[in-house]
Amino acid sequence: MFNTSSELGLRVALALGLISLAVAAGLALQVLAMRLAAQRRVREVAALASVWQPLMARVALGEVLPEVLPGLARRDRGDLMLMWIRLQDVVRGSAHANLVEFAERLRLRDDALRWARVERTGMARRVLGLVTLGHLGRVEDTALLRAALDDPLPLVSLSAARALLQIDAVHFAPIMLDTFLARPDWPAPRLGTLLREAGAQAVASPLIQKLLAGTAEQQQRLLPLLRFAESPHSGSAVHRLVEGSEDPQVLSIALRQLHGPESLERVRMLASSPDALVRSAAAQALGRIGLDEDRDRLLRLMSDRDWWVRYRAAQAQLALPGTNANAVVALRRLITDRYARDALDHVCAEQALQRAAVAQEA
Amino acid sequence: MPPGMFDHFVVDPVWIAVLSWLFIGYFAGLNSVYIILNLAALRMIGRESAENRLAALPGYSAGLEPGISIIVPAYNEAPTIAAAVHSMLQLDYPDVEIIVVNDGSKDETLTVLKREFDLQLFPEAYRVSLPVQPVRGLYRSPHHPQLRVVDKTNGGRSDAINAGINASQRGLICLVDADSLLLRDSLRRLVRPFMQDPRVVACGGTVRISNSCRIARGYLEEVDVPRNWLARIQVVEYLRGFLYGRLGWTLLNALPLISGAFGLFRRAAVVEAGGLSVGTIGEDMELVLRLHRRMRLQRRDYRIVFVPDAVCWTEAPESIAVLRGQRKRWQRGLMESLWENRSLFGRGAIGALAMPFMLVFEGLGPVVELLGYVVMTLLFVTGQLAAPSFLAFLLMALGMGIMLSASALLLEEIAFRTYPRTRHLGQLLAAIAVENLGYRQLNTWWRICGLWQWATRRKQTWGTMTRRGSGSGTGAPRLP
């Protein structure tokens, strides 16, 4: 009935079927074994937390660590470290110092150093190690942390960045900004959180320096971070960028951060920029720093071909000093362009809705 | 069987050998690709697992996250729309707007929305970036400034999404089905690739099945395995489709599909590409392939990625009739998308690997599979194939299917452990076995029907779904 070829086919089919089923059975057993192990681990961690978390809380509040500590298995040290980090992230001042002492006593730094150093230890442990070193705050660990800064995984390198800023924010803030510019995989919101933790005093000066000296591409990335570096000089840095830059992206971001009247003439000029992004940001800025004489300029922008320019210009009209209900009615009568009228109606309705929401809440 | 019915069905032994090797080749080829994707996914999932563990560490939020417009097309969604919007209003994300598009529903969808959120007609200056059916009105809620509702003439799901894109005011658009249920941190997870890589133009999340889960007012309170067997088997299908199917292709930047139930796109890229195709039934896949095609033709460096830990839950069909309709639509959508973007074949990993795979194994595969079952059964019935041979082929087909599903469950266990109880694992393992004994063959048949409909160009409509209206998410996500 069969020639040799189909006999061979039969054998291949049989072998594939049997091997697949055997592998499937093995996988099913592995899944079950993993689940049982995970459940056991959850129970162990709960038991660990029930002993160590109250102890850590008492130590943070200033209680002296007992001479004899509860037993701590090697496999539990990572989970204990995670509990310690969570607590460290919410305490300040003496509680922080007390917890550092607690970690020293338990030799958590030894584990942290070992895990932070070895790439094959796995990302989770490596990050735990790096974050712990940051909280411990020892200057002698900075070489190791700086090496981790170059790790290709953003989570690892950002954890190292956080640790370095915790140890010496003034010294490492410029390095973090350079690294940020070199690494497009570092999200601005993440670095922003770290800079906020580090404090404006440490960040402002290097950030403004790099901002003013940077290329347009670098300025685009750095400008949003300026909110974490509020200083007497940040306003003037924005002013200088608005006055000096020709890059539409930079201008649009800088215009959104402009508050002082120094650049009013330049903003008025930018309101007729060929780039819609710039016109829209300029209109927005005029709403903050413009004068009554800017109404006509904004009226023209309300008939712009770009939706966002019309919308921002209408918002700015209502934000100009001296704008009241009568002025809006008069303005609406003046408008002959349909798109401008739509934009004004849109913005008026938006504001009415906001007022209604506030009134209801009150 | 009447005697002599198959007397004339005599096949030359040479042809039997050829057919045998064709079927062996098909199954071995299909499963080899899946095994490779599986191994690639295993590598990526290890990292995901570590990141999940580290989610316990303090989060990062600086208010610099890119703004997101969630677009929710709704057609006859009255029983579930309020719960869905409530769940979206609770999302933990700093800059998000929710745009519900009522696509000319014939039920009370708009009335429910107006009542539940105190909507007021709003004189919005509606921006038209994409051509859509006429918009009848735009509504806003004084209590939820981030919620907007677009009421428009019926034009189909794609048209509704395009209307939502027109109304959107953020740089990223998240496409979500009206019956999708997002977790509080879903957006934070889904947006991560956009923050880490400026080349990313689109990314998709995982869709999971919410049947039998406890859900109250848009909140997922307790995860459970569906009691209905059809839905339970679909849980396994989704694990397979999402965990290694998509993770594996992501590694090659060849992800061919982002589920319409939960996907995030750069607005500018979608508008530039012309929005969702109104004439296509598989609009989600077609859009992703079109983005690939445009980016490749323009020689732009881009990424389309999958984020396995960004999760959205949706209800799967529990009746044969609804499931059949869904699978036919998916198959038509697949073929339409491949055909519309045929010029992408051969370009990059997507055109050289993913698309041929989709065409041969997903598109035309059901024909080979059904042919295998029918021919082998006929040969066996007519005595031209010995029982051991017949059983060997069955064993091969079923064994490989079971193995791949089991490996998907392993990935799930390594990375997420979504189903918390041990009995859930038992139920899913049972579903893996049952899936291959009837369900898979039925699915193959429906897919062939879908293929036929595509070939004969039947008209497309919105998919219909029996709603439970229990406050849980209901619906039919696209192609897992």
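Order of the sequence lines fixes the chain letters, A, B, ..., with proteins taken first and strands second; residue numbering starts at 1 for each chain.
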- Hey, mind stepping through Trp186(A) and Met195(B) against side-chain contact (heavy atoms from CB on, under 4.5 Å) and telling me if it holds? CA-CA 8 Å; Trp186(A) 270 24; Met195(B) 296 201 295; over 6 Å; no
- Trp307(A) side chain to Ala125(B) backbone, donor-acceptor under 3.5 Å: yes
- Can you tell me if CD on Gln351(A) sees more than 12 non-hydrogen neighbours from other groups inside 6.0 Å? yes
- Query: Using a cut-off of under 4.5 Å for heavy-atom pairs, which of Gly17(A), Ser20(A), Gly26(A) has the most such pairs with chain B?
  - Reply: Ser20(A)
- Interatomic distance, CD@Gln39(A) vs CZ@Arg417(B), rounded to 0.5 Å, equals 8.5 Å
- Contacts of type ring-ring contact (aromatic ring centres under 6.0 Å, His included), residue Phe122(B), not counting sequence neighbours: His346(A)
- Side chain, backbone, both or neither: which part of Pro66(B) has a heavy atom under 4.5 Å from chain A? neither
- Honestly, the part of Leu195(A) sitting under 4.5 Å from a heavy atom of chain B is neither
- Task: Give me the one residue out of Leu428(B), Leu425(B), Leu429(B) that meets side-chain contact (heavy atoms from CB on, under 4.5 Å) with Val31(A).
- Result: Leu425(B)
- Message: Can you tell me if Arg423(B) has over 12 outside heavy atoms packed within less than 6.0 Å of its CZ?
- Response: yes
- Compare every heavy atom of Gln196(B) with every heavy atom of Pro187(A), then report the nearest pair and how far apart it is. CG-CG, 3.8 Å
- With sequence neighbours excluded, what pairs up with Gln220(A) under the side chain to side chain donor-acceptor pair (under 3.5 Å) test? Asp247(A)
- Side chain / backbone / both / neither for Phe23(B) at chain A, heavy atoms under 4.5 Å: neither
- What do the steps show when you test Asp197(B) against Asp185(A) for side-chain contact (heavy atoms from CB on, under 4.5 Å), and what is the final call? CA-CA 5 Å; Asp197(B) 190 342; Asp185(A) 60 342; over 6 Å; no
- Message: Between Leu410(B) and chain A, with a heavy-atom cut-off of 4.5 Å, which part of the residue counts as in contact: side chain, backbone, both or neither?
- Response: both
- Given that the side chain runs from C-beta out, which part of Pro154(A) has a heavy atom under 4.5 Å from chain B: side chain, backbone, both or neither? side chain
- Task: Under 4.5 Å heavy-atom distance to chain B, tell me which part of Gln354(A) shows up: side chain, backbone, both or neither.
- Result: neither
- Atom group of Pro198(B) that falls short of 4.5 Å from chain A, counting heavy atoms: side chain
- Task: Measure distances from Ser129(B) to the heavy atoms of chain A and classify the residue's part below 4.5 Å as side chain, backbone, both or neither.
- Result: neither
- Task: Decide side-chain contact (heavy atoms from CB on, under 4.5 Å) for Leu16(A) and Met400(B); before the verdict, give the C-alpha distance in whole Å, the side-chain angles of both, and the deciding distance to 0.1 Å.
- Result: CA-CA 8 Å; Leu16(A) 285 175; Met400(B) 287 183 157; 3.8 Å; yes
- How many angstroms lie between atom CD of Glu413(B) and atom CG of Leu32(A), to the nearest 0.5 angstrom? 8.5 Å
- Matching residue for Ile402(B) among Leu27(A), Leu21(A), Val23(A) - test: side-chain contact (heavy atoms from CB on, under 4.5 Å): Leu21(A)
- Closest non-hydrogen contact found for Met396(B) with Ala13(A) is CB-O, 3.5 Å
- Message: For Ala349(A), which atoms come within 4.5 Å of any heavy atom of chain B: side chain, backbone, both, or neither?
- Response: both
- Task: For chain B, find which of Glu350(A), Arg355(A), Arg35(A) contributes the most heavy-atom pairs closer than 4.5 angstrom.
- Result: Arg35(A)
- Take Asp342(A) and Tyr126(B), measure what side-chain contact (heavy atoms from CB on, under 4.5 Å) needs, and give me the verdict at the end. CA-CA 9 Å; Asp342(A) 284 354; Tyr126(B) 183 69; over 6 Å; no
- Item | Over 12 foreign heavy atoms within 6.0 Å of OH, Tyr373(B) | yes
- Message: Just so I understand: if I count every heavy-atom pair under 4.5 Å between each of His143(B), Glu412(B), Arg199(B) and chain A, which residue has the most?
- Response: His143(B)
- Message: Has Arg127(B) got a side-chain atom pairing as donor or acceptor with Asp306(A)'s backbone, closer than 3.5 angstrom?
- Response: no
- Task: Among Pro193(B), Ser141(B), Ala406(B), single out the residue with the greatest number of heavy-atom pairs under 4.5 Å to chain A.
- Result: Ala406(B)
